[in-house]
Enquirer: 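Sharing a structure with you now.
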Number of protein chains: 2
Amino acid sequence: MNVETKPPRQKEGRKAREARILLAAEKVFAEAGFGGATMQLIADMADLPKASLHYYFPTKESLYRQVVEKIFHIWLRAADVFDSASGPAEGIAAYIDAKMELSRAYPAGSKVWASEVLHGAPVIQDYLETTLADWTEGRMKVIQAWIDEGRMTPVNPRHLLYMLWATTQHYADFSHQIETLNGGTPLSEADWAEAKRSVKQIILTGIGLEPPQP
Amino acid sequence: MNVETKPPRQKEGRKAREARILLAAEKVFAEAGFGGATMQLIADMADLPKASLHYYFPTKESLYRQVVEKIFHIWLRAADVFDSASGPAEGIAAYIDAKMELSRAYPAGSKVWASEVLHGAPVIQDYLETTLADWTEGRMKVIQAWIDEGRMTPVNPRHLLYMLWATTQHYADFSHQIETLNGGTPLSEADWAEAKRSVKQIILTGIGLEPPQP
DNA sequence: CCACAACCTGACCAATCGGTCAAGAAAAAT
DNA sequence: ATTTTTCTTGACCGATTGGTCAGGTTGTGG
C-alpha cells in the first residue's frame, strides 16, 4: 500500500534492456537515418520482438529522441575539459583530444546527431536554442578572454569553435569516406594518433600557440 | 527512318523539366533524407503528378543517384582552382573560398552528399573508390611537393585535406545549427565574409603561410 | 495459496509507400 | 490527313510500415 516503497523487481533487467534497445537503435538510425530505419530492424538487432520495443518506447520518435539526447549529453560532458584547463593551449588541445576520442568511441551516435542537425533538427531544436546556445556563448567568452589577455592570436571565437566541431566530428560522420580513402580498412591506432596530432598541430599553430610535443 | 537525325522536339522542355524535378528532389532529399523523402513530396514541390516523376526517373533510387552525381561533379569542378594556383598560399586560399561559396550556393546538395556518405555511401561507393580516391591522391602529392620545396610547414597532407573538407562543408551541412546559434537568422553577406576570412586565417597560419590581407 | 501488477508478444490493422498501367492528349513524321 | 511516337496522368496495387491489443507469463506482496 505504501506508495513510497520502490519495488526493486528486476529493475536491473529493465534498465539493461532499455540500454540494449538504445544501442541497437543508435546503430540502425546511424546506418539508415530516421526515415530509413524501421522498428523491425531495430528489434532484430536487439534480438527482441517488435512489440517489445513499443512496450519500452511507445513510438519510433520517442526512441529516436532518447538516442539523440543520450549523445548530446555525452557531447556536453566531454566539453568540460575546456573549463578545467589552465590556458588556451592545454584547453583546446584537450578539447580536440576529447572530441576525437568521442568520434572514435561513438561513431554511430555522432552520425545520428549529424543526421538530425542536417535535416533541420526537427526533434532537438529546443536543445540547440537553449543548452547548446548557452554553452557556445560561454566558451566564446572564455576564448575572447584568452585573446584579451594576449595569450593567443586574435581570431573569431565563433568560427574557431565551428572549426573544432567540424574537424573532430568529420572523423566520425565521414568515417566511411575516410576508410575508403584509407584503402578500405578502418583507421589503426597509429592512424588515430596521427590524425589527432595533425589536427592539433594545424589549429594550435593557426591561433599562435605551440602544439604539444609528442 | 534516318536514325542519325536528332529531332529537336521540345527537347528544351524536357531538359528543363528534368532539371526542375532534380532541384525539387535535391531539396526534399536534403530535408528528409533518402528514407524520409517520398515521391509524392517531390512531385508536390515540382508541381507535377507523381506518375510523371516515374516517367522521367523510373525509380526513387535512380532519381536520388542523379541528384548525388550532380553534386559530386560540381564539387570536383570546384577543386580545379587547386591546380591553377602558383603556390600553396594561393591554392589553398582559393580552394577554401571556392568550397565556402559552394556551401553557400548549394546547401541542399551538400547535405544530400553528406547524408549519403554518413549512411555508408550505399549508392556512390564506386565514386569514392575511383574518382575521389584518385583526386585525393593527386592533391596529396601536390601538397607534399610544396612541403618538399620548403614552401609550407610539413604537415600530413591527408589530414590537411580532411580539415579543409570538414570545415568548409560544415557551413552547409550544419547550417541549421549555425543559424540557430546566429539568433535564428541566416548568415549575412558580412557573416560569410568573416567566416571565410577566419577559416583562411587559422588554416593558412596553421601551415606556416601568410593569410591574404583583406 | 491467492490476487494483483508488471511484463511480454503473436497476431492483427489502417495508413502509406514505391511503382504500374491503360487510356488518352499532344506533337512529329509520313 | 493519318499514322506513329512521345508524353501525361488518374486510378490502382501489392508490400511494408508504425502502432495496437488481447491474452498469456512471470514475479511479488499479502
Side-chain angles (χ1 to χ4, degrees), chain A residues 1-22 24-29 31-68 112 119 122-123, chain B residues 1-22 24-29 31-68 112 119 122-123:
Chain A
M1 281 299 163
N2 191 348
V3 196
E4 299 292 329
T5 54
K6 278 187 180 176
R9 235 177 239 285
Q10 77 271 37
K11 276 278 178 187
E12 206 63 30
R14 175 170 196 129
K15 287 229 168 176
R17 190 159 274 205
E18 282 181 359
R20 204 170 82 235
I21 294 173
L22 281 171
E26 188 177 294
K27 280 185 191 167
V28 174
F29 282 133
E31 284 173 13
F34 179 80
T38 70
M39 295 298 272
Q40 187 62 63
L41 257 163
I42 297 171
D44 290 347
M45 181 154 293
D47 200 38
L48 279 174
K50 195 186 68 163
S52 291
L53 255 63
H54 282 98
Y55 178 73
Y56 291 99
F57 303 91
T59 66
K60 183 184 178 184
E61 191 174 316
S62 69
L63 174 56
Y64 176 74
R65 181 184 293 269
Q66 293 214 22
V67 169
V68 174
V112 173
H119 299 133
V123 166
Chain B
M1 282 299 163
N2 191 347
V3 196
E4 299 293 327
T5 54
K6 278 188 179 176
R9 233 178 240 283
Q10 76 272 34
K11 277 275 179 192
E12 205 63 30
R14 177 174 190 123
K15 287 229 167 178
R17 187 159 278 206
E18 282 182 359
R20 203 171 81 236
I21 294 173
L22 281 171
E26 188 177 295
K27 279 185 191 168
V28 174
F29 282 132
E31 284 173 13
F34 179 80
T38 70
M39 295 298 271
Q40 187 61 64
L41 257 164
I42 297 171
D44 290 347
M45 182 154 291
D47 200 37
L48 280 173
K50 194 186 69 165
S52 291
L53 255 63
H54 282 98
Y55 178 75
Y56 291 99
F57 302 91
T59 65
K60 183 184 178 184
E61 191 173 315
S62 69
L63 174 55
Y64 175 74
R65 181 185 292 270
Q66 293 213 23
V67 169
V68 174
V112 174
H119 299 130
V123 165

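Keep in mind that the numbers below use all heavy atoms, side chains included, and drop hydrogens, waters and symmetry copies.
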Enquirer: Take atom CG of B/Asp44 and atom P of C/dT16, then tell me their distance rounded to the nearest Å.
Expert: 14 Å
Enquirer: State which residues pass salt bridge (charged side-chain N to carboxylate O under 4.0 Å, His left out) with B/Glu61; sequence neighbours excluded, sorted by chain then number.
Expert: none
Enquirer: To the nearest 0.5 angstrom, please state how far the CE atom of B/Met39 sits from the CD1 atom of B/Ile21.
Expert: 8.5 Å
Enquirer: Take the protein atom CD of B/Glu18 and the nucleotide atom C1' of D/dT6, then report the distance between them rounded to whole Å.
Expert: 13 Å
Enquirer: Mind checking what makes side chain to side chain donor-acceptor pair (under 3.5 Å) contact with B/Tyr56, not counting sequence neighbours?
Expert: none
Enquirer: So, for A/Arg20 and A/Asp47, which heavy atoms are closest and what is the spacing to 0.1 Å?
Expert: NH2-O, 4.1 Å
Enquirer: Which of the following nucleotides, C/dC8, D/dT8, D/dG10, is nearest to the side chain of A/Ser52?
Expert: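 Minimum distance to the A/Ser52 side chain belongs to C/dC8.
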Enquirer: Would you say A/Arg17 reaches C/dC8's phosphate, i.e. side-chain N/O to OP1/OP2 under 4.0 Å?
Expert: yes
Enquirer: Answer with base, sugar-phosphate or nothing: what part of the nucleic acid does B/Phe57 contact at a heavy-atom distance below 4.0 Å?
Expert: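 If one applies the 4.0 Å heavy-atom cut-off, B/Phe57 turns out to touch nothing in the nucleic acid.
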Enquirer: Write down the protein N/O and nucleotide N/O pairs, taken from nucleotides 15-17 of chain D, whose separation is under 3.5 Å; answer none if there are no such pairs.
Expert:
none

Enquirer: Do NZ/NE/NH1/NH2 and the carboxylate oxygens of A/Glu31 and A/Lys27 come within less than 4.0 Å?
Expert: no
Enquirer: Between C/dC8, D/dT8, D/dT9, which one does the side chain of B/Tyr55 approach most closely?
Expert: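 Of the candidates, D/dT8 comes closest.
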Enquirer: What is the distance, to the nearest angstrom, from the CD1 atom on B/Ile42 to the C1' atom on C/dG18?
Expert: 11 Å
Enquirer: A cation-pi test, strictly: NZ or CZ of A/Lys60 under 6.0 Å from the centre of the six-membered ring of A/Phe34 and no more than 45 degrees from its axis. Yes or no?
Expert: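 Yes, a cation-pi geometry.
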Enquirer: Can you check the A/His54 NE2 to C/dC12 C1' distance for me, whole Å?
Expert: 14 Å
